[in-house]
2 protein chains.
Amino acid sequence: MRQDSRLSRMLHVLIHMGRHEGALTSDRIAEMLGTNPVVIRRTMAGLREKGYVHSEKGHGGGWTLAKPLEDLTLLDIYRAVGEPSVFAVGPAYDMPDCPIEQAVNETLEGVFADAERLLLKRFEGVSLAAIADRFPADIMIGHHPPNAKDHG
Amino acid sequence: MRQDSRLSRMLHVLIHMGRHEGALTSDRIAEMLGTNPVVIRRTMAGLREKGYVHSEKGHGGGWTLAKPLEDLTLLDIYRAVGEPSVFAVGPAYDMPDCPIEQAVNETLEGVFADAERLLLKRFEGVSLAAIADRFPADIMIGHHPPNAKDHG
DNA sequence: AGTCACGTAACTTATTTTGTTTCGAGAAAT
DNA sequence: ATTTCTCGAAACAAAATAAGTTACGTGACT
């Protein structure tokens with residue numbers, strides 16, 4: 001089963017936005033990720049609804065952060081892109097009245113619920129700024145280092 | 001993204017087998033689960049390769065347990081059905097040279113690896129017999145209770 | 001006006017999983 | 001011996017889902 005990479009992609013885009021002076025257009029982002037601008041709008045729409053990004057039409061328009069990276073966590077973005085389930089495997093409901101199936105599903109659901117709790121708790125503790133801090137700012141390609149804002 | 005229910009289904013089938021006198025045919029199992037006998041053979045093949053079940057051709061043939069339920073864990077079955085990943089969400093590799101993407105993916109991979117470790121550890125600690133013990137034997141439908149073996 | 005850019009709906013394509021058909025072979029019953 | 005039952009495996013068809021594409025509308029800047 002193929003994995004959903006929207007969370008990863010949106011994190012990537014958001015951190016780029018945090019280091020970018022102006023707005024980023026859907027076309028530009030799509031080109032970066034090797035996909036289509038409509039797909040970008042579709043996914044970014046979830047972030048806009050939560051108030052994490054802002055979109056502007058017309059000349060000079062595009063996408064900008066509505067909050068600093070410090071105020072956004074993995075959990076926020078995970079929820080904003082609307083993942084139905086973290087897990088690729090889950091229970092089956094073939095014979096709802098069968099006590100064996102019920103026992104199996106109760107067991108699985110318990111274990112998965114524990115793992116999901118851990119995962120979301122970890123998500124909650126990681127801000128996008130913390131991710132951005134994992135690499136030195138001056139090895140960035142094609143963008144100004146953070147202190148370049150001083151001349152803008 | 002739709003969840004893979006093969007693990008759940010196979011657990012269900014295996015526990016039924018543990019309470020069943022003779023062999024269970026693919027047709028019978030498929031009927032139980034509302035699916036096709038070929039699908040059952042396909043999935044059971046993984047369990048056979050690991051030596052957890054045995055298949056027999058011809059009259060009176062079908063599937064039988066090759067090990068007692070006590071000796072099988074969730075982890076065994078999970079691996080036997082060959083799940084590629086527990087998670088429905090994962091990293092994207094759009095710009096392998098981009099340090100932002102790398103930072104995002106390292107972060108995600110770390111968190112997912114932790115959650116997976118927990119999950120598999122929990123899987124390892126649950127035997128199929130333990131699942132079977134979650135319900136009283138005498139509420140079983142369409143099968144003999146365990147002590148019915150005495151008359152066989 | 002003309003261009004740029006998002007918003008949205010409808011459609012197409014690609015991929016994956018599941019289900020189906022078909023044939024072969026071994027084992028038991030008749 | 002032949003028929004019936006059953007798995008094994010390959011090849012094909014169908015269904016579901018996500019991703020990509022096209023097209024047109026709307027607002028904003030030049």
Side-chain angles (χ1 to χ4, degrees), chain A residues 1-10 13 17 20 22-66 81-85 87-90 92-94, chain B residues 1-10 13 17 20 22-66 81-85 87-90 92-94:
Chain A
M1 191 166 290
R2 217 239 219 85
Q3 290 186 319
D4 188 330
S5 57
R6 285 175 302 162
L7 172 62
S8 172
R9 286 183 153 186
M10 286 306 103
V13 169
M17 282 167 62
H20 196 84
L24 272 176
T25 67
S26 302
D27 276 72
R28 180 93 183 70
I29 297 169
E31 195 182 11
M32 276 172 46
L33 302 184
T35 181
N36 193 285
V38 178
V39 176
I40 299 300
R41 292 192 192 110
R42 208 134 67 184
T43 314
M44 295 289 281
L47 302 177
R48 186 186 53 225
E49 279 161 22
K50 297 273 185 172
Y52 302 155
V53 296
H54 173 75
S55 64
E56 192 114 20
K57 293 180 177 177
H59 238 112
W63 300 90
T64 47
L65 282 176
V81 299
E83 312 282 354
S85 170
F87 299 108
V89 15
Y93 304 98
D94 302 308
Chain B
M1 185 168 293
R2 218 242 218 85
Q3 290 188 320
D4 188 331
S5 58
R6 284 176 301 160
L7 172 62
S8 172
R9 286 182 153 187
M10 287 305 104
V13 170
M17 282 166 62
H20 195 84
L24 273 176
T25 67
S26 301
D27 277 72
R28 181 92 183 69
I29 298 169
E31 196 183 11
M32 275 173 46
L33 302 184
T35 180
N36 193 286
V38 177
V39 175
I40 299 299
R41 292 192 192 109
R42 208 134 70 184
T43 314
M44 295 289 281
L47 302 177
R48 187 185 53 225
E49 279 161 22
K50 298 273 185 172
Y52 302 155
V53 295
H54 172 75
S55 64
E56 192 113 21
K57 293 179 177 177
H59 238 113
W63 299 90
T64 46
L65 282 176
V81 300
E83 312 282 353
S85 170
F87 299 108
V89 17
Y93 303 97
D94 302 309

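Residue numbers begin at 1 in each chain, while the letters A, B, ... track the order of the sequences.
The CE atom of M44(B) lies 13.0 Å from the CZ atom of R9(B); values are rounded to the nearest 0.5 Å. Distance check, rounded to the nearest 0.5 Å: CG of L65(A) to CE of M17(A) gives 4.0 Å. Remark: R6(A) CZ to L33(A) CG distance equals 13.5 Å, nearest 0.5 Å. Here NZ of K50(A) is found 10.0 Å from CG of L47(A). Values are rounded to the nearest 0.5 Å. For the atom pair CD1 of I40(A) and CD of E31(A), the computed distance is 11.5 Å after rounding to the nearest 0.5 Å. For the atom pair OH of Y93(B) and OG of S5(A), the computed distance is 10.0 Å after rounding to the nearest 0.5 Å.
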- Show your working on side-chain contact (heavy atoms from CB on, under 4.5 Å) between T64(A) and E56(A) and close with a plain yes or no. CA-CA 8 Å; T64(A) 47; E56(A) 192 114 20; 6.0 Å; no

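OP1 or OP2 of dG8(D) has not a single side-chain nitrogen or oxygen of R41(B) nearer than 4.0 Å. Between S26(A) and dC6(C) there is a side-chain N or O to OP1 or OP2 distance below 4.0 Å.
The CD-C1' distance, from E31(A) to dA5(C), rounds to 15 Å in whole Å. Between the CE atom of M44(A) and the C1' atom of dG7(C) there is a distance of 14 Å, rounded to whole Å. With rounding to whole Å, D4(B) atom CG is found 14 Å from dA16(D) atom C1'. The distance between atom CZ of R28(A) and atom P of dC4(C), rounded to the nearest whole Å, is 16 Å. Here dA16(D) presents its P atom at 17 Å from CD of Q3(B), a figure rounded to the nearest Å.
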Could you go through nucleotides 13-17 of chain C and list every protein N or O atom that sits under 3.5 Å from one of its N or O atoms, giving the distance for each pair?
unit_1, atom_1, unit_2, atom_2, d
dT17(C), OP1, M1(A), N, 2.6

Might you list the N or O atoms of the protein lying below 3.5 Å from N or O atoms in nucleotides 20-22 of chain D, with each pair's distance?
unit_1, atom_1, unit_2, atom_2, d
dG20(D), OP2, T35(A), OG1, 2.7
dG20(D), N7, R42(A), NH2, 2.7
dG20(D), O6, R42(A), NH1, 3.3
dT21(D), OP2, N36(A), ND2, 3.1

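Annotation for P37(B) and A30(B): closest pair N-CB, 3.3 Å, computed over non-hydrogen atoms. Annotation for A23(B) and G61(B): closest pair CB-O, 3.7 Å, computed over non-hydrogen atoms.
Annotation: proximity of residues 45-63 of chain B to DNA chain C (heavy atom, distance under 4.0 Å) is found for K57(B), G58(B), H59(B), numbered in ascending order.
With hydrogens and angles ignored, the 3.5 Å screen pairs no side-chain donor or acceptor of S26(A) with any backbone N or O of R41(A). A side-chain donor-acceptor contact under 3.5 Å links T25(A) to the backbone of R28(A).
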